[in-house]
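I'd like to ask some things about the structure below.
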Amino acid sequence: MKELQDRILKDGRCLPGGILKVDNFINHQMDSELMFHCSAEFMRLFADRKIDKILTIEASGIAPAVFAGWLMRVPVVFAKKAVPKTMDKAFVTTVHSFTKNRDYTVFVSREYLNPGERILIIDDFLACGNAAVGLADLCRQADAPVEGLGFLVEKAFQGGRDLIAKALPDAQVESLAVITSLDDGQIVFS
């Protein structure tokens, strides 16, 4: 998606260790118009899939997921990284964060993922694929098939797409901006 790629080139910054800093428009301060346009593109890309619900993980995937949910007219659920006192029963999995280099236990209430619901997973980044596979594990526990996965930015050089292909061979995977390299501080798109 050219609009997102242009914004990444304009405002994104490369940090050591393969990290792309986009916190001024995606994952700290958000450009709501850009998120809306990205979500409209997700709606177009997944138009051939029957989607009953969108699943994301807190926090950076929430904005594009909510816009996409509004456009597709489906509910949005986000996996939490802490169990609230009000949650009685939950699906639980562990996700490793590449950026923060730590494991999170993530939860979704059993009330909000139901057997047979067809799920679209949306998140901000696809890097190593751990968050996506963790979210897919929550869906597996609920017996809710994953129809597709949509990412704003994919760092193709980190292998996440391969991990998803092994775990979810029938799911459609779409990334709006695919980065093949961040070497020497240069952002290179496929």
Side-chain angles (χ1 to χ4, degrees), residues 1-49 51 53-74 76-79 95 97-100 119-136 146-165 168 171-190:
M1 183 178 157
K2 186 169 181 351
E3 180 182 3
L4 178 58
Q5 290 179 354
D6 290 347
R7 187 64 182 271
I8 291 168
L9 289 174
K10 179 181 174 231
D11 291 329
R13 290 188 342 181
C14 297
L15 300 179
I19 295 173
L20 177 65
K21 185 175 170 99
V22 290
D23 64 344
N24 62 338
F25 61 98
I26 291 179
N27 54 20
H28 191 46
Q29 173 175 273
M30 284 176 256
D31 181 328
S32 57
E33 184 175 4
L34 177 62
M35 290 301 101
F36 181 80
H37 293 164
C38 290
S39 298
E41 182 65 4
F42 284 138
M43 186 175 84
R44 184 189 72 75
L45 290 168
F46 293 102
D48 293 338
R49 296 280 181 150
I51 304 298
K53 191 169 280 183
I54 294 174
L55 177 64
T56 190
I57 189 167
E58 63 180 356
S60 301
I62 293 174
V66 167
F67 279 124
W70 183 81
L71 290 167
M72 295 178 183
R73 303 296 191 254
V74 298
V76 176
V77 175
F78 66 90
V95 170
S97 168
F98 169 78
T99 307
K100 295 181 179 156
I119 306 298
L120 171 60
I121 293 172
I122 291 182
D123 206 359
D124 60 341
F125 273 90
L126 171 56
C128 299
N130 298 317
V133 170
L135 291 174
V146 176
E147 289 292 316
L149 300 97
F151 303 95
L152 297 176
V153 180
E154 177 179 346
K155 295 191 284 181
F157 55 91
Q158 290 184 297
R161 186 175 286 262
D162 293 336
L163 185 66
I164 291 170
L168 301 160
Q172 178 181 343
V173 181
E174 301 287 350
S175 299
L176 303 186
V178 179
I179 296 172
T180 57
S181 174
L182 294 174
D183 293 344
D184 301 320
Q186 299 297 310
I187 301 167
V188 179
F189 294 104
S190 66

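Predicted, not measured: the structure shown is a model, and the values here were computed from it. Below, all heavy atoms of this structure are taken into account, side chains as well, without hydrogens, waters or symmetry copies. The chain is numbered in sequence order, starting from 1.
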Problem - Residues L9, F189; criterion side chain to side chain contact (heavy atoms under 4.5 Å, CB included); working and verdict - result: CA-CA 10 Å; L9 289 174; F189 294 104; 3.6 Å; yes
Practice task
Just do the side chain to side chain contact (heavy atoms under 4.5 Å, CB included) check on F157 and L182 with the steps written out, would you?
Solution key: CA-CA 9 Å; F157 55 91; L182 294 174; 3.8 Å; yes
Handout entry: Point-to-point distance, once rounded to the nearest 0.5 Å, from CD1 of I54 to CD1 of I62
Key = 12.5 Å
Handout entry: Heavy-atom side-chain contact between I164 and L126 under 4.5 Å
Key = yes
Handout entry: Any donor-acceptor N/O pair, S190 side chain to T180 backbone, under 3.5 Å
Key = no
Practice task
Any chance you could lay out the side chain to side chain contact (heavy atoms under 4.5 Å, CB included) test for F151 and V173, step after step, and finish with the verdict?
Solution key: CA-CA 8 Å; F151 303 95; V173 181; 4.1 Å; yes
Practice task
Could you grab the distance from atom CG of L4 to atom CZ of F25, nearest 0.5 Å is fine?
Solution key: 6.5 Å
Handout entry: Point-to-point distance, once rounded to the nearest 0.5 Å, from SG of C14 to CD1 of I187
Key = 4.5 Å
Handout entry: Donor-acceptor pair, side chain of Q172 and main chain of L45, under 3.5 angstrom
Key = yes
Problem - Straight-line distance of F46 CZ to I122 CD1, nearest 0.5 Å - result: 7.0 Å
Practice task
May I ask you to check whether over 12 heavy atoms, not counting those of R49, lie within 6.0 Å of atom CZ?
Solution key: yes
Practice task
Indicate the ring-plane relationship of F36 and W70, choosing parallel, tilted or perpendicular according to the 30° and 60° boundaries.
Solution key: tilted
Exercise for the section: Answer yes or no: is there a side-chain heavy-atom contact under 4.5 Å between F78 and V66? Expected result: no
Problem - Salt-bridge contact K10-D6 (side-chain N to carboxylate O under 4.0 Å) - result: no
Handout entry: Heavy-atom side-chain proximity of V153 to V22 below 4.5 angstrom
Key = no
Handout entry: Spatial distance of atom CZ (R73) from atom CE (M43) [nearest 0.5 Å]
Key = 8.5 Å
Problem - Min side-chain heavy-atom separation L152-M35 under 4.5 Å - result: yes
Fill in the blank from the handout: Interatomic distance, CD@E3 vs CD@E33, rounded to 0.5 Å, equals 7.0 Å
